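Everything numeric in this text was worked out from a predicted model, so none of it was measured.
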Amino acid sequence: MLPGGSMFYGGFSSAVAPRPRPAGAAPVAPGSPSWRLGNGPVRILSTFAKDHRIFLIGRCGADDAELSQHITSDPASDIAWRWPGTYAVVEETGRGVIVHTDPAASLPVYATLWNGCWAWSTSARLLAALTRATIDTERLACAVFLPSVPALANTRSFFVGVQQLPPGARIELPATGAPLRISTCWRPTPAERPLPHVRLRDALERAVALRTALDPALSCDLSGGLDSTSIAVIAAAALPPERRLDAVTVHPEGQIDGADLRHARLAAARYPDRINHRLLPLTDLHLPYSSITDIPATNEPAPSTLTLARFAGQLNWLRQDLGVRTHLTGDGGDSILFQPPIHLADLIRHRRFSRAVGEAFGWARLHHTTVGPLLRDAARAGRTDRRRALTSLADSVGRSDRDDHGRVTWFPLVPFPTWGTPRAARLLVNAAQSAACVTDSLDGLDFSVQVLVDEVREVARTAAADAEVAAAHGVELHNPFLDPLVINAVLTTPLDLRPPLYAYKPLLAQAMASLLPPETARRSTKGSFNADHYTGLRTNLLQLSATADGHLAGLGLVHPGRLRGHLRLAAAGLSTSIAPLEQALAAEAWLTAHHRDPVPDWTRAPTRDDSRE
């Protein structure tokens with residue numbers, strides 16, 4: 001079944017009737033081969049001719065007057081990120097369909113060939129149902145064993161034959177089913193003015209203001225960290241004077257004196273007339289790894305899978321006790337506000353030698369390591385472009401003796417776990433070889449920018465799966481840090497203005513200095529729930545062990561017995577390699593949900609709108 005509240009769009013590159021639609025879907029306009037499933041917003045922007053229609057799907061902060069100034073028969077190249085929001089622009093022409101995608105993949109769009117034309121949708125699962133596509137085992141192996149290298153996936157979805165349309169591009173889907181014609185529109189070229197912290201503040205304020213205007217009764221996370229606190233105080237300031245923001249802090253039951261809660265209280269106290277501070281205690285019912293297979297089916301494994309009990313509990317509480325329909329989080333801030341280690345290679349390439357040495361010392365002190373290997377790695381990485389790094393990657397993936405923790409490299413690898421199969425290792429090699437053959441549309445940018453683009457797109461796309469989970473609980477989830485306008489503001493920062501490798505989000509602290517409590521703006525750490533993870537593993541060990549004989553084993557990716565043994569070690573706190581294990585559990589839960597929950601049938605039955613065509 002379709003998760004309650006989910007909003008999906010789609011259509012075909014050929015308008016030749018009859019074309020099916022998912023049951024319950026309606027055309028976006030009379031005569032259109034495109035459809036909408038759910039109550040997602042669609043704005044018809046212009047109709048230049050009978051066979052040329054332009055419309056916008058998703059949430060966009062532009063009003064009709066602004067849109068009309070920029071919508072012509074050939075929309076501007078930045079049309080999908082000019083304004084705040086998560087949206088795409090679609091053109092229907094007599095020759096096919098053109099999709100303008102956002103640069104972050106915050107609203108991922110997928111396509112597949114069907115009956116001599118292209119079918120497109122914001123739901124990969126719906127397209128897979130249309131073509132009866134099976135799970136892409138190679139793509140799944142990359143997600144389980146090498147999530148740290150999103151470049152391996154390229155534009156592949158988790159379903160055979162269903163591809164993600166490239167982000168930040170203009171993609172033509174010909175009516176004849178001919179190959180896609182792709183034009184890259186977004187390149188985060190460094191911009192000197194305005195200053196980076198000014199751009200970030202403006203973009204965040206516009207992103208949050210859009211959401212508060214859509215639903216003034218929204219709520220927001222207030223974890224006490226810089227990211228969620230920044231979103232919360234901006235939202236509180238943006239709301240009408242008669243509204244107060246419900247700001248939520250979760251905390252372990254009985255523990256009300258932690259640093260995170262103290263900083264959350266500081267923020268709430270700074271805005272006593274604008275913020276209702278809500279505390280949500282976490283009990284044993286919210287432990288990680290609890291009931292993970294209860295997650296609803298989504299386009300891909302959701303990041304919230306392992307903490308589903310907590311996530312679902314919070315969503316249900318927001319909806320039932322507070323009447324919340326829209327919720328904001330600070331997710332995504334970590335992805336754009338930290339420099340990746342390969343930033344050192346950029347400094348060396350651009351001959352900023354003294355700064356490279358200084359930042360290497362700062363990074364070494366922070367991570368209790370030595371400077372020499374860092375600088376040697378950085379110099380070596382600086383002589384290797386992305387394509388060459390991908391080519392050499394094929395010789396390293398699938399090895400149990402390769403661990404790049406703390407190193408400066410393009411694609412940090414983790415050891416291949418003992419419970420992974422030789423087939424899984426071969427699939428990783430195949431994926432690396434294929435990725436090396438793909439033309440890099442952002443070639444020539446600084447290495448750290450290219451790495452950040454990979455990471456941001458991975459985080460933003462998977463966040464869409466979390467939004468599907470939230471929709472199943474009646475809440476629309478938004479992540480303003482993943483707004484394309486915000487990402488563009490940060491990633492266009494010139495090298496000499498980028499924060500040091502070892503610094504804790506100085507750009508955000510500077511941008512928010514006038515709104516945050518001074519003590520919070522100076523934070524250099526954030527609390528964690530790692531202890532709860534081990535408690536959750538031990539509590540749910542029996543149920544988790546039962547999944548070892550599941551779908552991943554059936555696909556030949558894991559050894560069930562070895563996986564169960566690794567689970568026991570992890571539950572006892574004896575395993576040092578838990579990341580692939582968590583990815584495997586999340587993937588197994590997703591596969592269970594995918595095979596359990598049917599998607600709407602595709603039908604040719606006419607709707608009321610069809611009768612007006």
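In this structure, Ser291 contributes its side chain and Asp294 its backbone to no donor-acceptor pair below 3.5 Å. Checked by atom type and distance alone, the side chain of Asn540 never pairs as donor or acceptor with a backbone atom of Leu544 at under 3.5 Å. In this structure a side-chain-to-backbone donor-acceptor pair under 3.5 Å is present from Thr131 to Leu127. Side-chain N or O atoms of Asp102 include one that pairs as donor or acceptor with a backbone N or O of Leu107 at under 3.5 Å. Side chain of Asp597 to main chain of Ala297: a donor-acceptor pair is present (N/O by atom type, distance under 3.5 Å, no hydrogens or angles). In this structure, Ser219 contributes its side chain and Ala247 its backbone to no donor-acceptor pair below 3.5 Å. Looking only at distances, a side-chain donor or acceptor of Thr462 sits under 3.5 Å from a matching main-chain atom of Glu458.
Salt-bridge annotation for Arg278 and Asp221: absent, with no side-chain N of the basic residue lying under 4.0 Å from a carboxylate O of the acidic one. Using a 4.0 Å cut-off between charged nitrogen and carboxylate oxygen, Asp549 and Arg564 count as a salt-bridge pair. With salt bridges taken as basic N to acidic carboxylate O contacts below 4.0 Å, none links Glu468 and Arg125. Classification of Arg211 and Asp483 as a salt-bridged pair holds, one side-chain N sitting under 4.0 Å from a carboxylate O.
Tested against Ile231 for a side-chain contact (heavy atoms from CB on, under 4.5 Å), the candidates Leu222, Leu328, Leu226, Thr329 yield a single pass: Leu328.
Interatomic distance, CD1 of Ile234 versus CG of Leu245, reported as 11.5 Å (0.5 Å rounding). Expressed to the nearest 0.5 Å, how far OG1 of Thr307 lies from CG of Asp466 amounts to 7.5 Å. Between atom OG of residue Ser230 and atom CG of residue Leu204 there is a gap of 7.0 Å, rounded to the nearest 0.5 Å. The line from OG1 of Thr112 to CG of Leu126 is 12.5 Å long, rounded to the nearest 0.5 Å. Leu308 contributes atom CG, which lies 9.0 Å from atom OG1 of Thr293 (distance to the nearest 0.5 angstrom). The OG1 atom of Thr249 sits 9.5 Å away from atom CG of Leu280, with the distance rounded to the nearest 0.5 Å.
Listed by chain and number, the residues in a side chain to side chain donor-acceptor pair (under 3.5 Å) with Thr101 amount to none (sequence neighbours excluded). Every residue was checked against the ring-ring contact (aromatic ring centres under 6.0 Å, His included) condition with His405, not counting sequence neighbours, and none meets it. Applying the ring-ring contact (aromatic ring centres under 6.0 Å, His included) rule to Phe447 yields the partners Trp410; only residues at least two apart in sequence or on another chain are considered. Take Arg399 and apply the salt bridge (charged side-chain N to carboxylate O under 4.0 Å, His left out) test, not counting sequence neighbours, and it matches Asp401. Among residues two or more places apart in sequence or in another chain, the side chain to side chain donor-acceptor pair (under 3.5 Å) test is passed with Tyr289 by Glu582. Not counting sequence neighbours, Ser335 has no partner by the side chain to side chain donor-acceptor pair (under 3.5 Å) test. Applying the ring-ring contact (aromatic ring centres under 6.0 Å, His included) rule to Tyr502 yields no partners; only residues at least two apart in sequence or on another chain are considered. By the ring-ring contact (aromatic ring centres under 6.0 Å, His included) test, His594 is found to be paired with Phe159, Trp590, residues two or more places apart in sequence or in another chain being considered. Among residues two or more places apart in sequence or in another chain, the side chain to side chain donor-acceptor pair (under 3.5 Å) test is passed with Asp404 by Arg402. With sequence neighbours left out, Glu253 forms a side chain to side chain contact (heavy atoms under 4.5 Å, CB included) with Pro281, Thr283.
Crowding of Asn316 atom CG: a count of heavy atoms from other residues, nucleotides or ligands under 6.0 Å exceeding 12.
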Should Arg568 and Leu574 be marked as a side chain to side chain contact (heavy atoms under 4.5 Å, CB included) after you check the CA-CA gap, both sets of side-chain angles, and the distance that decides it? CA-CA 9 Å; Arg568 288 192 295 270; Leu574 300 177; over 6 Å; no
Check step by step if side chain to side chain contact (heavy atoms under 4.5 Å, CB included) holds for Thr326 and Thr212. CA-CA 9 Å; Thr326 306; Thr212 57; over 6 Å; no
Carefully, step by step, assess Phe145 and Trp419 under the rule ring pair (Phe, Tyr, Trp, His ring centres under 6.0 Å). CA-CA 11 Å; Phe145 298 102; Trp419 44 266; 5.5 Å; yes
Decide salt bridge (Lys or Arg N to Asp or Glu O under 4.0 Å) for Asp532 and Arg310; before the verdict, give the C-alpha distance in whole Å, the side-chain angles of both, and the deciding distance to 0.1 Å. CA-CA 11 Å; Asp532 283 349; Arg310 169 185 165 182; over 6 Å; no
Test ring pair (Phe, Tyr, Trp, His ring centres under 6.0 Å) on His595 and His551; report intermediate values, then the result. CA-CA 10 Å; His595 290 292; His551 298 282; 4.7 Å; yes
Working for side chain to side chain contact (heavy atoms under 4.5 Å, CB included), residues Thr539 and Ser290: CA-CA 8 Å; Thr539 302; Ser290 299; 5.8 Å; no
Criterion side-chain hydrogen bond (donor to acceptor under 3.5 Å, both in side chains) on Asp260 and Ser223, from CA distance to verdict: CA-CA 6 Å; Asp260 287 347; Ser223 71; over 6 Å; no
With side chain to side chain contact (heavy atoms under 4.5 Å, CB included) as the criterion, how do Leu537 and Ile578 come out once you've worked through the C-alpha distance, each side chain's angles and the decisive distance to 0.1 Å? CA-CA 11 Å; Leu537 266 175; Ile578 197 171; 3.8 Å; yes
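Contacts classified as salt bridge (Lys or Arg N to Asp or Glu O under 4.0 Å) and involving residues 408-433 (residues at least two apart or in different chains) are not found. Residue pairs meeting the side-chain hydrogen bond (donor to acceptor under 3.5 Å, both in side chains) criterion with at least one member in residues 156-168, sequence neighbours excluded: Asp136-Arg156, Glu138-Arg156.
Within the 4.5 Å cutoff, the side chain of Pro103 has no heavy atoms near those of the Pro167 side chain. With contacts defined as side-chain heavy-atom distances shorter than 4.5 Å, the pair Ile57/Thr122 qualifies. Thr592 is listed as a side-chain neighbour of Glu588, based on a closest heavy-atom distance under 4.5 Å. Using a 4.5 Å cut-off on side-chain heavy atoms (C-beta onward), His559 and Pro422 make contact. Residues Leu146 and Val397 form a side-chain contact, since some pair of their non-hydrogen atoms from C-beta on lies under 4.5 Å apart. You'll find the side chain of Asp454 reaches within 4.5 Å of the side chain of Phe411, heavy atoms only. A 4.5 Å side-chain heavy-atom check between Arg265 and His277 finds at least one atom pair inside the cut-off. With contacts defined as side-chain heavy-atom distances shorter than 4.5 Å, the pair Asn299/Pro108 does not qualify.
The two residues Ala509 and Ala521 come nearest to each other via the heavy atoms CB-O, 3.5 Å. Here the closest non-hydrogen pair linking Leu37 and Gly24 is CD1-C, 3.6 Å.
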